2 protein chains.
Amino acid sequence: MTKLNEYPRPSVTVDIVIFTIAEDDLKVLLVRRGVEPFKGRWALPGGFVEIKESLEQAAARELKEEVGVTNVYLEQLYTFGDPKRDPRGRVISVAYFALIDAERQRIVAASDAADAEWHSVFNPKLGAKLAFDHKEILDYAVWRLRNKIEWTTVGYELLSKKFTLSELQRVYEIILQRPVDKRNFRKKILAQGQIREINETRSDVAHRPARLYSFREK
Amino acid sequence: MTKLNEYPRPSVTVDIVIFTIAEDDLKVLLVRRGVEPFKGRWALPGGFVEIKESLEQAAARELKEEVGVTNVYLEQLYTFGDPKRDPRGRVISVAYFALIDAERQRIVAASDAADAEWHSVFNPKLGAKLAFDHKEILDYAVWRLRNKIEWTTVGYELLSKKFTLSELQRVYEIILQRPVDKRNFRKKILAQGQIREINETRSDVAHRPARLYSFREK
DNA sequence: CCAAAAGTGTTATGCTTACACCCATGC
DNA sequence: GCATGGGTGTAAGCATAACACTTTTGG
């Protein structure tokens, strides 16, 4: 067999764009860098891929280590490999995106990871605060999420197990950043056949209580 | 600055799914492996990413070295990183797909690269002949190409600069593996506004000569 | 009874699909 | 004049978009 060690090898990392919905906004989890390069700037959580784990396992491990959550929606985004993207040397980053639902979000808050914080994705000043090429990665992730919720049912991953149709609609409006027609939305979602009505309502509100639904299989 | 060399590093390669249309069929370029592992099996062209080049540059370089073509349509597909995908050790492969038009196809033929050959993508026995996880990569590339031609104008990349609408339609039929309605196809393509009629016809045929079109900007 | 969000149908519009015949050329 | 692929329009069905009022609850 030919040898593999004739070539200098790059470092390979995974970086994860972790989205959640909070405070009526789309948020991304960022960690403040304590060391150079980009000390003090915000970065996507991530780390080196270990030699015996798959890329997806590496991303799942980082999710567990950095924010304490397991079993979340995780999807490979794109691989960023510009030779100058990390001033320390050649680092290729396989970017993933993850969706954290409302229940797991409490776990993230509780884990109180060092300098991790949720940031609004739509804050126009955020780009300037990011390290490396993480602005580019984040922009790509937002673009992908927007496309994805239009064609798939990935939006459910951002809510609790039980949710109302208005809550789901709000998720779409936040991500797409435009109003959505209530009747057409309900028709479309129900026609997809992916959610079922459960026999409960969200009570204790000062108006007509909403029916709860749940995603088939979660 | 923190050091990068605390972690063992994987090897990183690019593998390229190079498509073309020939003999009324969708073909992929494969090279026969002369060494272990998978000696004698067919593999996607590819090679190691050099330390100072980007991933896209690595893919473009491989295209030039292995098949002699430059300036072709090239798009990152997905990154395959299962730790067992290469028996020699940890090799992460960033897969690309490339589209070779009818003109460049002659260059590929002329380059006569060692053991490179065009194989029909739809040959059901092809999977068994492929090395590594290249069947999986190929399947994913075909899936992506199919989606892509439905939503974008990427199909033009597989034809000569000048082409007839029937030729373009045939490209769609071959890729999608189903018949396409002639009138609806022409309406859809013309409505996209991406091709213009040039004042020529394909003559010397034993029937009414077809008008030639060209893609805007190529 | 007032405030607040939940819930519900119909119509118009545009897009997609199905479909068949005449045209221009070479031989 | 015949064989061959080139070229063209219309109608039906379907999906999407626009739009406003009644219902149920808590206070």
Side-chain angles (χ1 to χ4, degrees), chain A residues 21 23-24 102 146-153 155-156 159-160 162-215, chain B residues 21 23-25 102 146-153 155-156 159-160 162-214:
Chain A
I21 299 281
E23 298 167 351
D24 206 43
R146 281 183 170 161
N147 284 319
K148 210 127 185 152
I149 62 161
E150 301 256 36
W151 308 111
T152 74
T153 56
Y156 306 124
L159 289 171
S160 309
K162 301 173 181 182
F163 53 87
T164 71
L165 290 181
S166 292
E167 287 164 356
L168 185 60
Q169 179 180 339
R170 192 69 197 124
V171 168
Y172 278 67
E173 292 180 327
I174 290 167
I175 292 172
L176 299 173
Q177 292 281 289
R178 60 175 160 79
V180 168
D181 180 89
K182 181 165 35 162
R183 278 176 289 191
N184 293 335
F185 178 76
R186 289 158 110 94
K187 250 181 292 176
K188 177 182 135 181
I189 293 295
L190 264 1
Q192 286 176 174
Q194 297 268 220
I195 65 175
R196 64 167 195 281
E197 192 180 334
I198 56 184
N199 223 358
E200 294 176 57
T201 53
R202 181 139 299 169
S203 311
D204 276 344
V205 282
H207 53 79
R208 179 174 175 176
R211 294 186 197 146
L212 288 170
Y213 290 79
S214 89
F215 185 39
Chain B
I21 298 282
E23 297 167 351
D24 207 43
D25 199 3
R146 281 183 170 160
N147 284 318
K148 210 128 185 148
I149 63 161
E150 302 254 35
W151 307 112
T152 73
T153 57
Y156 306 124
L159 289 170
S160 308
K162 301 173 181 182
F163 53 86
T164 70
L165 290 181
S166 291
E167 287 164 357
L168 185 59
Q169 180 180 336
R170 193 69 197 123
V171 168
Y172 278 65
E173 291 180 329
I174 290 168
I175 292 173
L176 299 173
Q177 292 282 290
R178 60 174 159 82
V180 168
D181 180 89
K182 183 163 37 161
R183 279 176 289 194
N184 294 335
F185 179 76
R186 289 159 111 93
K187 250 182 293 176
K188 176 182 137 180
I189 293 294
L190 264 1
Q192 287 177 172
Q194 297 267 221
I195 65 175
R196 64 167 195 281
E197 194 181 335
I198 56 183
N199 222 359
E200 294 176 59
T201 54
R202 180 140 299 167
S203 311
D204 276 344
V205 281
H207 54 79
R208 177 174 175 178
R211 294 186 198 146
L212 289 170
Y213 290 79
S214 90

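Just so it is clear, the structure is predicted and the values come from calculations on it, not from any experiment. To find a chain, count down the sequence lines: A is the first, B the second, and so on, and within it residues start at 1.
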Between D:dG7 atom C1' and B:Phe185 atom CZ, what is the distance in whole Å?
14 Å
Separation of D:dG7 atom P from B:Leu168 atom CG, nearest Å, is 13 Å
Figure out the CG/C1' separation between A:Leu165 and C:dT8, and round it to whole Å.
12 Å
Would you kindly give the CD1-to-C1' distance between A:Ile189 and D:dT16, to the nearest whole Å?
14 Å
Ignoring backbone atoms, establish whether A:Ser166 has a side-chain N or O less than 4.0 Å from OP1 or OP2 of C:dA5.
no
Taking 4.0 Å as the cut-off, does a side-chain nitrogen or oxygen of A:Arg211 come that near to OP1 or OP2 on C:dA5?
no
Could you give the CD-to-P distance, from B:Glu173 to D:dG5, as a whole number of Å?
14 Å
Nearest-angstrom distance from the residue atom CG of A:Leu212 to P of C:dA6:
11 Å
Side-chain contact, heavy-atom cut-off 4.5 Å: A:Arg186 with A:Ser166?
yes
I need the NZ-P distance between B:Lys188 and D:dG9, as an integer number of Å.
20 Å
Provide, to the nearest angstrom, the distance between the CZ atom belonging to B:Arg202 and the C1' atom belonging to D:dG7.
16 Å
Can you confirm whether or not the ring centre of A:Phe215 sits under 6.0 Å from the ring centre of A:Phe163?
no
Is any side-chain N of the basic residue among B:Lys162 and B:Glu200 closer than 4.0 Å to the acidic one's carboxylate O?
yes
What is the per-nucleotide protein-contact pattern of nucleotides 17-27 of chain D, from the 5' end, where B denotes a base atom under 4.0 Å from a protein heavy atom, S denotes such proximity for sugar-phosphate atoms only, and - denotes neither?
BBBB--BBBS-
Between A:Glu167 and A:Arg170, does any NZ, NE, NH1 or NH2 come within less than 4.0 Å of an OD or OE carboxylate oxygen?
no
ring-ring contact (aromatic ring centres under 6.0 Å, His included) contacts touching residues 181-204 of chain A (sequence neighbours left out):
A:Tyr172-A:Phe185
Got A:Tyr156 and A:Ile195 here, is their nearest side-chain heavy-atom distance under 4.5 Å?
yes
Approximate separation, where rounding is to 0.5 Å, of A:Glu150 CD and A:Leu176 CG
5.0 Å
For a quick check of understanding: with a heavy-atom distance under 4.0 Å over all strands, which category does B:Thr164 fall into, base, sugar-phosphate or nothing?
nothing
